[in-house]
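Working notes for the structure below.
Just so we're on the same page: letters track the sequence lines, and every chain starts at 1.
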Amino acid sequence: MTIAETSLATANPVASRKTRRPDWIGGLLAVLLGIVVVVPLIVVAIWAFAEVWRYPSLLPQEWGLRFWTATLSRPDVWTAMSLSIRLSLVVTALSALICLPAAYAFARMDFPAKNVLFLSFLASHAFPKFGLLVAIAGIFLNLGLISTFWGVVLIQLVGTLMMMIWIPVAAFQNVDRAMEEAARDAGAGPIRVFWSVSLPQAAPTIFAAVLLSFVGTFYETEGAWLIGAPEIRTMPVLMITYINNQIVVQYGAVLSVLLWIPSFVALMFTRRLVGSSSFAKGFGV
Amino acid sequence: MAQLTLKNLGKSFDGTDVIADLSLDVADGELVCLLGPSGSGKSTVLRMVGGFETPERGAILIDGEDVTEVPPEKRPTGMVFQSHALWSHMTVADNVAFGLKLRRLPKAEIRRKVTEALDLVGLGDFGNRRVWQLSGGQQQRVAIARALVLEPKILLLDEPFASLDQHLRERLREELRDIQRRLGITTLFVTHGQDEALALADRIVVLRGGEIEQAASPDRMYRAPETRFVAGFIGSMNFLACDMRGGRADHPLFPVAAVVPDGPVELAIRPEALTVSPGRSAGMSARVHRKTDYGTHLLLDIVLEDGARVKAMCPPSGAFEAGQEVRLTASQVALFRDEVKLAEVRTEAREVAHV
Ligand SMILES: Nc1ncnc2c1ncn2[C@@H]1O[C@H](COP(=O)(O)OP(=O)(O)OP(=O)(O)O)[C@@H](O)[C@H]1O
Ligand SMILES: [Mg+2]
C-alpha cells in the first residue's frame with residue numbers, strides 16, 4: 001500500500017502537467033481509487049479518536065483521546081518507535097552504500113557474468129520469502145545474530161537489495177554518457193565522475209528508491225519478527241502483538257496512525273523534491 | 001601551442017574495421033575539419049584523440065608526446081559535444097569552474113577565469129543561470145567556454161552546432177572561428193555539413209569509410225577535388241557520362257579535349273562554371289526545366305535531350321523561363337574515371353560569372 005501511495009504521489013504532478021483538460025475517465029479512476037485507498041484510511045483515523053462507536057451510526061458516539069494516552073504512556077511503544085526508526089535509517093544507509101556503486105557498475109560497466117549476477121539479485125525475491133527467511137534464521141542462530149540489532153539489520157538489508165539495485169540501475173542508465181565523458185574530459189577520475197555527475201543526475205529517482213526502502217524497512221515484519229524476537233521489537237511487530245493479545249480496535253487504530261507518520265513525512269519529502277517542477281527540470285527530468 | 005599527430009591509427013568495433021589506417025598531422029594553431037558522410041568514422045577519430053576510444057593500432061602524439069594510452073582526464077584535450085553535455089544540476093558558472101576546481105586553483109583565480117571564459121563567449125552575465133534556462137545556442141557557447149577555460153592544447157568539437165538552426169549555426173561558427181584565431185588553439189572539428197567545413201577550416205579532411213579521401217584547403221577542396229567522391233560531396237556538381245575518343249570527349253555539348261586514354265569518363269562541371277545563354281546548342285538541345293530564384297543568383301535546372309539533368313547558376317538578371325531552349329558552355333571541366341581524376345580542362349579564358 002505504501003508503494004502504491006508513493007508512486008501515486010510522484011506520478012501526479014507529471015499527469016497534471018501533461019493533461020490540462022479534465023478527462024472524465026481519469027476523474028472516475030481518481031474517484032474510484034480515492035474510495036478504495038482513502039476511505040479505509042479515514043475510517044481507521046476516526047477509530048483512533050473514537051471511544052464509543054456502535055454499528056448503525058455514521059460517526060462515533062463519543063470522541064476522546066483515552067486510547068492515545070493509554071498507548072503513548074506505554075514505554076514499549078516509544079522504544080519500539082525509536083528502534084524502528086534507527087533500524088530503518090541504518091538499513092537504508094547501508095543498502096545505499098552497497099547498492100548504489102553496484103547499480104552504477106551494472107549500468108555502465110561490462111564485466112563477465114554481469115547478467116547472471118543481476119538476475120541473482122532478483123532471484124532472492126522470486127523464492128517464497130518466508131522459506132528463505134527461515135533458512136537465514138538458521139544460519140544466524142549459529143552466528144549468534146538472533147535477537148540482535150545487527151541481525152535484524154542484515155535480514156532487512158536483504159529485503160531492500162532489489163529495490164535499491166533495480167531502480168538505481170535504470171536511473172544511472174538514463175544519465176547522458178556525454179555528461180560523464182565531459183567530466184572525464186575536464187579532469188575528473190571515474191570515482192569523481194560518479195560522485196559529481198552520475199549520482200546528482202540520477203538523484204531524484206535514487207531518492208525515491210531510498211525513501212521506498214526506508215518505508216519498506218519500517219513496515220517490514222516477517223524478518224524483524226523471525227530474527228528479532230524476543231529482544232528486538234519493532235513498531236509493526238509490537239502492533240501485531242497488541243492485536244493478538246487484545247482485540248480492541250482503537251489500539252490498532254492508534255498504532256496505525258502512529259505508523260503512518262514516517263511514511264507521511266517521507267511522502268511529503270518526495271512530493272516536495274520530485275514534485276516541484278523546477279527541481280525536476282533542474283535534473284533534466 | 002601544440003601540434004597533433006595521428007600515426008597509422010586503426011580501430012575496429014566488434015571485429016569490423018571502422019578506421020583502417022589513418023595518418024594526419026595538424027599544425028600548431030590550425031583548424032582542421034573532419035568531413036564525411038554519416039558512419040565514415042569522424043566521431044571515432046575525434047573520440048580517440050580525446051581518449052574516449054582506444055585505438056587498436058597506431059599512435060596519437062601531442063607535441064611529439066605519445067598520449068595513446070593516457071586516459072581522457074589526463075590528456076591536454078578539451079572536447080565540445082554535440083549534445084552540449086552540460087551538467088544540468090550545476091549553474092553555468094559551476095559548469096565552467098568544475099575542471100578548475102579539480103585542479104585546486106585558488107578561489108579568486110577560478111572566479112576570474114570563469115568570468116573571462118564566459119565573457120569570451122558573450123555570456124558574462126549568465127553565470128548564475130541554470131543550464132536549462134539558456135537557449136540552445138547559449139548552451140553550446142557555455143560548452144565551448146567550459147572546454148576553453150582549461151586551456152587545452154587541442155580543442156575537439158563533434159558537430160557542436162548540428163542541433164541549432166541555420167542562422168544561429170552560421171553565427172556561432174563565425175564566433176568560434178574568431179575565438180580560435182584569437183587563442184591560436186589547435187582545433188579538430190567534426191562536421192557533416194560541407195558549408196560549415198568550407199567556412200571554418202584551414203584544412204578539410206574528407207573521410208570515407210574510415211579512410212582519408214582527400215586533405216586540402218577549402219579552396220583546393222572545392223576547386224580541385226581529387227576524387228569523384230569529393231567532387232560530388234563538396235558543393236554541388238554535375239556529372240555527365242560519355243566516352244573519350246582520340247583525346248576528345250564525345251559529349252555533344254562539351255567536346256572537351258584532353259590527353260586521356262580512350263574509354264568511359266565522367267565530365268564534372270560546377271553549376272557556376274556553366275554559362276547559359278538563350279538559343280540552340282549545336283549538338284544537343286537543352287531546355288530549362290525549372291528556375292529557382294535565390295536572390296543572389298538563379299539556379300536553373302536544365303534537361304538535356306538525352307534526359308540528363310544539369311544545374312546551372314546564372315546572374316539574377318538572366319531572363320529565363322521554364323521550357324525555354326538554351327545554349328550551354330562550360331568554363332571548367334574535370335574528367336573522372338573510376339573515382340580518379342584524369343584531367344582538368346579550362347575551356348575558355350574568360351570571366352566566370354561569380355556571385
Ligand atoms: N561504440 C561503438 N560500438 C560499435 N560500433 C560503433 C561504435 N561507435 C561507432 N561505431 C561504428 O563505427 C562507424 C563510425 O562511426 P562514427 O560515429 O565514427 O561515425 P561518424 O562519421 O561520426 O557518423 P555521424 O556523422 O553519423 O556522427 C559506424 O559504422 C558505427 O556504427
Ligand atoms: Mg559522429
Side-chain angles (χ1 to χ4, degrees), chain A residues 13-14 17 100 104-105 107-112 114 168 170-210 270 272-285, chain B residues 43 46-47 49-53 70-92 94-105 117 129-134 139 142-152 154-160 163:
Chain A
V14 178
R17 221 186 304 141
L100 294 185
Y104 187 65
R108 278 290 183 262
M109 288 158 209
D110 215 12
F111 50 87
K114 176 169 137 173
F172 284 130
Q173 275 170 344
N174 278 331
V175 174
D176 183 5
R177 260 168 202 268
M179 278 194 200
E180 293 175 348
E181 286 177 348
R184 289 293 293 273
D185 199 50
I191 294 173
R192 185 63 199 243
V193 170
F194 172 77
W195 187 250
S196 295
V197 174
S198 319
L199 201 56
Q201 282 292 322
T205 315
I206 286 177
F207 193 75
V210 168
T270 336
R272 270 200 50 194
L273 283 180
V274 185
S276 83
S277 64
S278 69
F279 184 91
K281 247 187 164 173
F283 281 94
V285 176
Chain B
S43 298
L46 199 77
R47 290 172 59 77
V49 177
F52 300 109
E53 305 284 358
V70 177
E73 62 265 32
K74 301 224 166 67
R75 277 195 201 194
T77 54
M79 181 116 160
V80 177
F81 297 81
Q82 176 178 349
S83 59
H84 70 69
L86 294 176
W87 305 301
S88 52
H89 58 287
M90 300 182 193
T91 63
V92 167
D94 285 340
N95 264 276
V96 181
F98 183 73
L100 297 170
K101 284 179 186 158
L102 289 176
R103 281 164 179 68
R104 301 187 188 288
L105 296 185
R129 295 272 191 105
R130 287 275 166 178
V131 168
W132 45 268
Q133 290 173 322
L134 301 182
Q139 287 170 338
V142 175
I144 292 170
R146 179 176 70 179
L148 287 175
V149 78
L150 299 171
E151 295 165 21
I154 314 283
L155 181 63
L156 306 169
L157 304 102
D158 193 353
E159 306 195 27
S163 58

Work out which heavy atom in [X] is nearest to a heavy atom in [Y]; give both atom names and the distance.
X	Y	result
B:F98	A:R192	CE1-NH2, 4.3 Å
A:A182	B:R146	CB-NH2, 3.3 Å
A:D185	B:T77	OD1-O, 3.4 Å
B:S88	A:Q201	OG-NE2, 3.0 Å

Would you compute the distance between atom CZ of A:R184 and atom NZ of B:K74 and round it to the nearest 0.5 angstrom?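 One finds 8.5 Å between CZ of A:R184 and NZ of B:K74.
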For A:D176, which atoms come within 4.5 Å of any heavy atom of chain B: side chain, backbone, both, or neither?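 Contact with chain B is through the side chain of A:D176 alone.
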Side chain, backbone, both or neither: which part of A:R177 has an atom under 4.5 Å from a heavy atom of chain B? neither
Note, B:E73 side chain near A:P190 side chain (heavy atom, < 4.5 Å):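 Yes, side chains in contact.
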Looking at B:H89 and A:S196, would you say the former's side chain and the latter's main chain have a donor-acceptor pair under 3.5 Å? yes
Tell me, side chain or backbone of B:L86 under 4.5 Å from chain A's heavy atoms, or both, or neither?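 Backbone only.
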